[in-house]
Trainee: 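Let me begin by handing over the structure; questions about it come next.
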Amino acid sequence: MSVTLFHNPRCSTSRKALEMLRDAGVQPMVVEYLKTGWDRATLVRLAAGVGGARGLLRAKEPEAAGLKAATDDALIDAMIADPILVERPVAESGKGVRVGRPPERVLEIV
């Protein structure tokens, strides 16, 4: 099974999710999104898998405070402009999309 993990190696939860996938015998394609950035098509696809762009928003970031009333399009624009606004990690496979909070959630789509 092909799994993509949108990963921040500085985040302990993201590192734990990656470890859990590997322990389950899955070698995910790892995308360090803070390095690569986001494109609209990917964020739209991931957002659809989690019930909307708000499901991807890392609300703990100070930059997220001004986005409380934002539309999905505005949230995606903000996430493209500032990739740290996306919660981490995000796993995607043919079985769906999961935000790894808690990290065990990534195993639901394996």
Side-chain angles (χ1 to χ4, degrees):
M1 164 160 304
S2 175
V3 175
T4 300
L5 185 70
F6 297 92
H7 175 61
N8 178 348
R10 295 181 58 196
C11 171
S12 62
T13 301
S14 195
R15 290 192 310 268
K16 179 69 174 168
L18 178 58
E19 177 184 347
M20 293 175 87
L21 287 168
R22 289 179 173 159
D23 287 350
V26 176
Q27 289 301 321
M29 180 173 73
V30 175
V31 177
E32 290 187 30
Y33 65 89
L34 292 177
K35 288 182 181 178
T36 63
W38 291 104
D39 63 77
R40 178 168 291 281
T42 300
L43 283 174
V44 167
R45 185 181 70 247
L46 295 174
V50 298
R54 193 154 306 279
L56 295 175
L57 182 65
R58 183 167 173 78
K60 293 181 181 181
E61 290 299 321
E63 296 85 351
L67 299 172
K68 290 182 182 174
T71 64
D72 273 12
D73 282 341
L75 287 173
I76 288 171
D77 288 342
M79 291 172 185
I80 290 169
D82 193 356
I84 197 72
L85 288 171
V86 177
E87 187 63 89
R88 64 215 181 225
V90 178
E92 179 183 35
S93 78
K95 292 185 176 183
V97 177
R98 294 293 183 278
V99 174
R101 297 284 170 159
E104 294 83 6
R105 293 215 51 226
V106 301
L107 297 176
E108 295 173 2
I109 60 167
V110 174

Trainee: Without placing hydrogens or testing angles, list every side-chain donor-acceptor pair under 3.5 Å for residues 58-67, not counting sequence neighbours.
Mentor:
residue	atom	partner	partner atom	Å
Arg58	NE	Glu61	OE2	3.1
Arg58	NH1	Glu87	OE2	2.6

Trainee: Which atom pairs, one a donor and one an acceptor, fall under 3.5 Å between side chains of residues 89-96 and the rest of the protein, sequence neighbours left out?
Mentor:
residue	atom	partner	partner atom	Å
Glu92	OE1	Arg45	NH2	3.0
Glu92	OE2	Arg45	NE	2.6
Ser93	OG	Lys95	N	3.0
Ser93	OG	Ile109	O	2.6
Lys95	NZ	Val110	O	3.3

Trainee: Provide the full list of ring-ring contact (aromatic ring centres under 6.0 Å, His included) pairs with a residue in residues 89-110, sequence neighbours left out, each pair given once.
Mentor: none

Trainee: CG/Leu85 to CG/Leu56 distance, rounded to the nearest 0.5 angstrom?
Mentor: 11.0 Å

Trainee: Shortest non-hydrogen contact from Val106 to Gly100?
Mentor: CG1-CA, 3.9 Å

Trainee: In a table with atom names and distances, give each donor-acceptor pair under 3.5 Å that connects a side chain of residues 22-33 to protein atoms at least two apart or in another chain.
Mentor:
residue	atom	partner	partner atom	Å
Glu32	OE1	Lys35	NZ	3.3
Tyr33	OH	Val86	O	3.4

Trainee: Measuring from atom CG of Asp39 to atom CD1 of Ile76, what distance do you get when rounded to the nearest 0.5 angstrom?
Mentor: 10.5 Å

Trainee: State, yes or no, whether a side-chain contact exists between Leu21 and Leu107 at a heavy-atom distance under 4.5 Å.
Mentor: yes

Trainee: Look up atom CG in Leu43 and atom CG in Asp73, then write down how far apart they are to the nearest 0.5 Å.
Mentor: 11.5 Å

Trainee: Can you list everything that forms a side-chain hydrogen bond (donor to acceptor under 3.5 Å, both in side chains) with Arg88? Sequence neighbours excluded, please.
Mentor: none

Trainee: Using the salt bridge (Lys or Arg N to Asp or Glu O under 4.0 Å) criterion, which residues pair with Arg54? Sequence neighbours excluded.
Mentor: none

Trainee: When rounded to the nearest 0.5 angstrom, what is the spacing between OG1 in Thr13 and CD in Glu104?
Mentor: 9.5 Å

Trainee: Nearest 0.5 Å please: distance from the CG atom of Asn8 over to the CG atom of Leu34.
Mentor: 4.5 Å

Trainee: Do you know the tightest heavy-atom contact between Cys11 and Arg101?
Mentor: SG-NH2, 3.5 Å

Trainee: Identify whether Phe6 and Met20 are in the same connected component of the hydrophobic contact network (ILVMFWY, side-chain heavy atoms under 4.5 Å).
Mentor: no

Trainee: Using every non-hydrogen atom in the two residues, find where Leu18 and His7 come nearest and quote the distance to one decimal.
Mentor: CD2-NE2, 4.0 Å

